[in-house]
Amino acid sequence: MTLWSGVIHGGFKPHGTDPMNVFADIRTLVMSCLDTLEAAGTLPGGLNRSAITVEPPRDAAHGDMATNAAMVLAKPAKMNPRAIAESLAVELAKDDRITVAEVAGPGFLNMRLADGVWAGVVKAALTDPGYGRSTLGQNKKMMVEYVSANPTGPLHVGHTRGAVFGDALASLLDYAGYDVTREYYINDGGAQVDVLARSVYLRYLEAHGQEVAFEDGTYPGDYLIPVGEALKDKVGDAYVGKGEQFWLEDVRDYATEAMMDMIRDDLASLGIRMDNFYSEKGLYGSGRIEDAIQTLDQKGLIYRGTLEPPKGKLPEDWEPREQTLFKSTEYGDDVDRPVQKSDGAWTYFAPDIAYHYDKVERGFDALIDVFGADHGGYVKRMKAAVAALSDEKVPLDIKLTQLVKLYKNGEPFKMSKRAGTFVTLRDVVDQVGSDVTRFHMLTRKNDAPLDFDFDKVTEQSKDNPVFYVQYAHARINSVLRKAEVPVDDATLAGADLSLAAHEAELKVAKTLAEWPRLVEIAAKGHEPHRIAFYLYDLASDFHGLWNRGNDDTSLRFLQEGDKATTQAKIALIRAVQVVLASGLGILGVTPAEEMR
RNA sequence: GGUCCGUUAGCUCAGCUGGAUAGAGCGCUGCCCUCCGAAGGCAGAGGCCAGAGGUUCGAAUCCUCUACGGACCGCCA
């Protein structure tokens with residue numbers, strides 16, 4: 001165990017590209033051992049190594065790290081996998097970091113790592129504020145477009161999930177080394193904002209004391225009452241009794257701006273700040289739509305044609321009409337899509353194409369759109385458009401967030417827009433808070449439906465992952481407060497961690513070691529929920545260690561009269577706290593200082 | 001008719017992009033508090049990974065078909 005400090009200070013990073021990422025380190029080591037074997041003629045050269053993985057075995061009894069290198073290389077090398085593994089094991093064992101390397105099963109190579117490796121992890125977490133950050137993104141420009149709700153009313157629960165997901169994804173990508181832009185596309189160019197304007201106009205008349213009726217096709221929600229009143233304050237009775245041609249445009253702009261203010265406030269209540277709001281309306285008359293369509297036309301992807309009627313349920317008023325179509329089938333779509341209606345006006349799709357063309361022209365290396373599940377039918381055509389416009393150079397990933405099912409006391413909670421009983425983002429945040437909302441919405445992967453029970457999510461018990469993770473952070477805080485030794489990170493980083501090398505303590509350090517790798521996996525897959533699950537695991541390891549202190553006092557963090565041991569143990573849990581805080585930061589959740 | 005998503009323990013869900021004996025929480029069963037630390041802890045039972053083929057050293061994971069559930073399906077936004 002004297003390895004502990006000696007090995008660390010002895011310089012532990014000759015091979016690694018990233019000295020903090022144990023997995024990357026060992027992978028690099030495996031590669032260099034393979035080089036050695038090649039040089040010695042034991043292995044033929046030029047083998048494709050891309051399928052080689054280095055990961056922790058599912059069963060910890062197999063060791064700390066395993067590689068499939070021998071099995072992957074066996075066939076192309078025309079050698080017995082076990083023979084390759086044996087030679088590789090010998091090479092690996094020469095490295096300080098590997099204490100045991102043994103062949104198992106069909107040719108797995110299991111490694112056990114020196115305790116000093118794990119001590120290095122703890123130390124890295126304490127000394128490097130960026131522990132876990134990755135250079136995976138290479139500073140590539142990445143856009144995450146999310147929310148993008150129509151500016152016709154407050155955000156509701158469905159939007160909330162998309163908002164939280166998109167925001168956490170953006171933070172995750174930022175953490176993984178991308179240059180991220182968060183953007184909201186304002187659908188202020190279509191007929192729905194005219195409907196909004198007419199609805200606000202009615203409220204405006206109401207503010208002037210008139211009786212009004214909300215017919216079908218208007219928005220009856222109360223949230224427009226203050227907008228109507230504010231409009232009255234602004235223009236007085238100038239629009240009373242006038243036809244639409246006098247007020248529609250002005251009221252529309254006014255109302256849209258009011259809605260966007262409201263939406264911005266809604267987002268702010270969840271701690272979400274967009275870098276940019278992009279207006280659909282601004283595309284009209286700017287020539288940008290024409291540009292985009294013309295670009296497609298030049299690639300031979302635009303034509304006049306008539307679509308087949310949709311199969312299955314045929315709309316009653318269906319009749320074949322000639323439209324301007326985008327040949328999206330060239331890029332994997334099922335049918336070509338109209339960009340112009342039969343009357344020559346743009347379809348909704350056209351400005352969307354222009355908007356995405358704009359993203360490409362702004363130089364983004366990759367695009368992500370976060371849509372609600374009801375836009376699923378839109379995915380293929382949007383991908384086709386971006387592929388065509390960027391000559392397949394800019395990848396577009398579209399993440400769909402599934403429905404949120406609301407519960408109250410275990411009872412399903414019915415929403416009805418008609419009856420005005422739909423639940424808004426604000427309702428949710430006001431009731432359970434931003435932190436709980438955000439964390440809980442990330443405890444499910446985006447493409448699975450999510451249950452949200454107003455009572456359960458605020459429950460203070462270990463059944464509630466939000467609480468469980470927060471509690472771990474707070475508990476560590478409480479230990480730090482009670483400690484009678486210096487607990488600043490610099491001092492802790494100098495602790496002799498061989499004093500905290502019990503198997504249960506090493507387990508915690510090993511989980512900490514997975515953090516950088518997990519960040520990369522989550523970032524590559526655009527899956528922020530992995531962060532939430534990891535944090536739960538880490539919290540679980542920590543609580544488990546804490547609980548063992550009940551029976552085994554030598555595992556308690558504060559060891560009376562033994563400063564050095566106390567410091568080592570605190571170093572370990574402080575490292576846990578650092579990682580918890582980083583992870584919660586990505587999710588946009590405030591780490592709790594104490595539980596109340 | 002088509003497209004997309006889902007299907008893993010009684011329930012709610014993970015499963016690191018193809019690895020070894022498939023995991024967690026709840027629920028269930030059985031033990032354990034004069035404790036800095038029971039808003040619990042430990043242990044156990046519980047599985048044909050929807051089904052059938054295929055790909056290969058190896059499949060819950062990839063491909064094809066089938067079944068069930070959900071979302072969507074000219075000019076609405």
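Since the structure is predicted, the reported quantities are computational estimates derived from the model, not experimental observations. Atom set for the values below is all heavy atoms of this structure, side chains included, hydrogens, waters and symmetry mates excluded. To find a chain, count down the sequence lines: A is the first, B the second, and so on, and within it residues start at 1.
No contact: A51(A) has no heavy atom under 4.0 Å from any strand. N550(A) comes within 4.0 angstrom of a nucleotide base, judged by non-hydrogen atoms across all strands. As judged by a 4.0 angstrom heavy-atom cut-off over every strand, L518(A) is placed among residues making no nucleic acid contact. Counting any heavy atom pair closer than 4.0 Å across all strands shown, K75(A) reaches sugar-phosphate atoms only and no base atom. Residue contacts for R444(A): at a heavy-atom cut-off of 4.0 Å it reaches the sugar-phosphate backbone alone, with no base atom in range. Nucleic acid contact class of G549(A) (heavy atoms, under 4.0 Å, all strands): base. Among the heavy atoms of the strands, none lies under 4.0 Å from A522(A). Nucleic acid contact class of R530(A) (heavy atoms, under 4.0 Å, all strands): sugar-phosphate only. Using a 4.0 Å heavy-atom cutoff across all strands shown, N150(A) reaches sugar-phosphate atoms only and no base atom. Looking at heavy-atom distances under 4.0 Å, P320(A) makes contact with a base.
Remark: F23(A) engages no residue in a ring pair (Phe, Tyr, Trp, His ring centres under 6.0 Å) (not counting sequence neighbours). Taking Q470(A) as the reference, nothing meets the side-chain hydrogen bond (donor to acceptor under 3.5 Å, both in side chains) condition, with sequence neighbours excluded. E290(A) meets the side chain to side chain contact (heavy atoms under 4.5 Å, CB included) test with W346(A); sequence neighbours excluded.
The pair D451(A)-R444(A) does not count as a salt bridge, with every side-chain nitrogen at least 4.0 angstrom from each carboxylate oxygen.
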- Message: Let's go through V30(A) and L109(A) carefully: what are the C-alpha distance in whole Å and the side-chain angles of both, what is the deciding distance for side chain to side chain contact (heavy atoms under 4.5 Å, CB included) to 0.1 Å, and is it a yes or a no?
- Response: CA-CA 10 Å; V30(A) 168; L109(A) 187 47; over 6 Å; no
Assess the residue pair K445(A) and E527(A) against the criterion (side chain to side chain contact (heavy atoms under 4.5 Å, CB included)); give the C-alpha distance rounded to whole Å, side-chain angles, the decisive distance to 0.1 Å, and a yes or no.
CA-CA 7 Å; K445(A) 55 185 174 205; E527(A) 296 172 323; over 6 Å; no
Trace of the side chain to side chain contact (heavy atoms under 4.5 Å, CB included) decision for V519(A) with R133(A)
CA-CA 8 Å; V519(A) 167; R133(A) 280 192 179 272; over 6 Å; no
For Y471(A) and H543(A): C-alpha separation, side-chain torsions, deciding distance, then whether side chain to side chain contact (heavy atoms under 4.5 Å, CB included) applies. CA-CA 9 Å; Y471(A) 188 33; H543(A) 287 305; 3.7 Å; yes
Tabulate atom names and distances for all N/O pairs under 3.5 angstrom spanning the protein and nucleotides 7-9 of chain B.
none

Restricting both atoms to N or O, compile the protein contacts to nucleotides 61-67 of chain B shorter than 3.5 Å, with distance only.
none

Parsed dot-bracket for RNA chain B after applying the Watson-Crick and G-U rules with both distances under 3.5 Å and | for other-strand partners is (((((((..((((.....[...)))).(((((.......))))).....(((((..]....))))))))))))....
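The base of C16(B) is paired with the side chain of R517(A) by a donor and an acceptor separated by under 3.5 Å. Remark: the Y536(A) side chain and the A14(B) base include no donor-acceptor N/O pair separated by less than 3.5 Å.
A cation-pi contact, defined as under 6.0 Å to the ring centre and within 45° of the axis, links K408(A) to F454(A).
Smallest separation of non-hydrogen atoms from S328(A) and D333(A): OG-OD2, 3.0 Å. For the pair L43(A) and A77(A), the tightest heavy-atom approach, listed with the atom from each and the gap, is CD2-CB, 4.2 Å.
Look at CG on D537(A): it is 13 Å from C1' on C13(B), rounded to the nearest Å. Distance R548(A) CZ to A38(B) C1': 18 Å, rounded to the nearest Å. Atom NZ of K380(A) is separated from atom P of A71(B) by 19 Å (rounded to the nearest Å).
A sub-4.0 Å separation between OP1 or OP2 of G15(B) and a side-chain N or O of H529(A) is present.
Applying ring pair (Phe, Tyr, Trp, His ring centres under 6.0 Å) to Y185(A) and the options Y348(A), Y355(A), Y146(A) leaves one that passes, Y355(A).
Where stacking is scored as ring centres under 5.5 Å apart with planes under 30°, F108(A) does not register as stacked on the base of G19(B).
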